[in-house]
Amino acid sequence: MDVFELLKEDHARLKVLLQDLEDTLEREVLTRDHLFLHLKTELTLHAECEETYLYPILSGSRTTEAMVLESNVAHKLAKTLLAELDAEPKDTIAWSAKLKVLGGILRLQVQHEEWELFPKARLQISEEDAEAIALDIEAFKAEALLLQLC
């Protein structure tokens, strides 16, 4: 598996989690708490992996530099919304509205990466390097999840 396949699998998981969360009602606070924690963990870890292992390689290229900058802005907005959602009561319409905005950002970012950034990045990163990056990401995620359990 290469880095692009790995990140696409993350995207698919994030979209399912987001949809499950968006489908909840204001009165389903415990379900929202559980799903939101899962989404927050997955999204934060995913963004950190992209920012640490993929974007630095692509930021020096004229072909992908602007796309990486856009991705970093989208990540920053998503992290801001995650923090706000985490701090606010989950039983309000306002919380649901912010979640929808986060969902819009996430879906646009996934589309941007999968349709624009990843195809161009594949031309810049060898298959061997793409596989090595995936292994690094998997090791990083395993360690991060292990630390969360402790």
Side-chain angles (χ1 to χ4, degrees), residues 1-59 61 63-125 130 133-134 136-149:
M1 175 178 301
D2 71 20
V3 64
F4 306 107
E5 294 163 345
L6 180 68
L7 294 175
K8 283 181 180 181
E9 284 182 2
D10 282 358
H11 291 164
R13 267 193 320 280
L14 288 167
K15 286 193 277 188
V16 168
L17 277 169
L18 181 65
Q19 189 61 56
D20 288 348
L21 190 53
E22 288 176 337
D23 288 344
T24 62
L25 302 172
E26 280 81 21
R27 67 177 182 263
E28 297 177 280
V29 176
L30 291 178
T31 301
R32 281 186 169 188
D33 281 339
H34 172 75
L35 289 171
F36 179 74
L37 179 60
H38 197 165
L39 176 69
K40 182 178 131 186
T41 301
E42 289 278 334
L43 184 53
T44 301
L45 193 54
H46 173 79
E48 189 172 350
C49 288
E50 287 181 336
E51 292 165 8
T52 303
Y53 295 97
L54 182 62
Y55 294 170
I57 296 167
L58 303 175
S59 64
S61 165
T63 308
T64 52
E65 183 176 19
M67 287 186 265
V68 168
L69 290 171
E70 290 172 25
S71 293
N72 280 320
V73 170
H75 284 189
K76 184 176 180 179
L77 290 171
K79 289 173 189 176
T80 298
L81 283 170
L82 279 174
E84 289 179 16
L85 287 163
D86 198 24
E88 295 175 8
K90 293 173 184 60
D91 61 350
T92 66
I93 295 171
W95 194 89
S96 298
K98 280 187 183 180
L99 180 66
K100 278 200 180 283
V101 173
L102 175 63
I105 291 169
L106 178 61
R107 288 180 181 96
L108 283 173
Q109 178 63 13
V110 165
Q111 182 179 351
H112 164 75
E113 287 180 354
E114 292 185 5
W115 294 6
E116 297 175 45
L117 181 62
F118 290 176
K120 289 183 179 178
R122 279 188 184 279
L123 299 174
Q124 296 178 38
I125 300 173
I133 295 167
D136 289 343
I137 288 174
E138 287 174 333
F140 175 79
K141 284 182 171 185
E143 184 177 338
L145 293 174
L146 186 63
L147 288 174
Q148 282 184 347
L149 294 174

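Counting begins at 1 with the first residue of the sequence.
Looking at Leu35 and Leu39, their side chains never come closer than 4.5 Å, going by heavy atoms from C-beta outward. Ser61 has its side chain out of reach of Met67: every pair of non-hydrogen atoms, C-beta onward, lies at least 4.5 Å apart. With a 4.5 Å cut-off on side-chain heavy atoms, Ile57 and Gln124 do not count as touching. At least one side-chain heavy atom of Glu50 sits under 4.5 Å from a side-chain heavy atom of Glu113. The closest side-chain heavy-atom distance from Lys76 to Asn72 is not below 4.5 Å. Side-chain contact between Arg107 and Leu18 is present, with heavy atoms from C-beta onward closer than 4.5 Å.
Of the inter-residue distances, the one linking Glu116 atom CD with Ser71 atom OG reads 9.0 Å to the nearest 0.5 angstrom. Taking CG of Leu117 as the start and OG1 of Thr63 as the end, the distance is 11.0 Å to the nearest 0.5 Å. Taken from CZ in Arg32 to CZ in Arg27, the straight-line distance is 10.5 Å, to the nearest 0.5 Å. Annotation: the span from Phe118 atom CZ to Leu58 atom CG amounts to 9.0 Å, rounded to 0.5 Å. Note: Leu102 CG to Thr80 OG1 = 10.5 Å, rounded to the nearest 0.5 Å. Expressed to the nearest 0.5 Å, how far CD1 of Ile125 lies from CG of Leu54 amounts to 5.0 Å.
For Val29, the side-chain contact (heavy atoms from CB on, under 4.5 Å) partners at least two apart in sequence or on another chain are Asp33, Asp91. Glu9 meets the salt bridge (Lys or Arg N to Asp or Glu O under 4.0 Å) test with no other residue; sequence neighbours excluded. Looking at residues two or more places apart in sequence or on another chain, you find a side-chain contact (heavy atoms from CB on, under 4.5 Å) between Leu77 and Val73, Ile105. For Glu28, the side-chain contact (heavy atoms from CB on, under 4.5 Å) criterion is met by Thr24, Leu25, Thr31, not counting sequence neighbours. Partners of Ser59 by side-chain contact (heavy atoms from CB on, under 4.5 Å), not counting sequence neighbours, listed by chain and number: Val68. Considering only residues two or more places apart in sequence or on other chains, Glu51 meets the salt bridge (Lys or Arg N to Asp or Glu O under 4.0 Å) condition with Lys79. With sequence neighbours excluded, the residues satisfying salt bridge (Lys or Arg N to Asp or Glu O under 4.0 Å) with Asp2 are Arg122. For Tyr55, the ring-ring contact (aromatic ring centres under 6.0 Å, His included) partners two or more places apart in sequence, or in a different chain, are His75. Shown here are the salt bridge (Lys or Arg N to Asp or Glu O under 4.0 Å) partners of Glu5, two or more places apart in sequence or in another chain: there are none.
Counting only residues at least two apart or on different chains, the salt bridge (charged side-chain N to carboxylate O under 4.0 Å, His left out) pairs with a member in residues 136-145 are Asp10-Lys141. Residue pairs satisfying the ring-ring contact (aromatic ring centres under 6.0 Å, His included) criterion with at least one member in residues 77-106, sequence neighbours excluded, are listed as follows: Phe36-Trp95.
With hydrogens and angles left out, the side-chain atoms of Thr92 and Glu26 include no donor and acceptor closer than 3.5 Å.
Here the options are Asp20, Leu14, Leu17, the test is side chain to side chain contact (heavy atoms under 4.5 Å, CB included), and the partner is His38; only Leu17 passes.
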Check residues 82-90 and write down every donor-acceptor pair under 3.5 Å in which the side-chain atom is one partner and the other belongs to a residue at least two apart or another chain.
from  : atom 1 : to    : atom 2 : distance (Å)
Glu84 : OE1    : Lys98 : NZ     : 2.8
Asp86 : OD2    : Lys40 : NZ     : 2.7
Glu88 : OE2    : Lys98 : NZ     : 2.6

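Heavy-atom neighbours of Leu30 CG from other residues, nucleotides or ligands within 6.0 Å: at or below the threshold of 12.
Between Ala134 and Val3, the closest heavy-atom pair is CB-N, 3.6 Å. Closest approach of Leu43 and Ala78 over heavy atoms only: CD2-CB, 4.4 Å.
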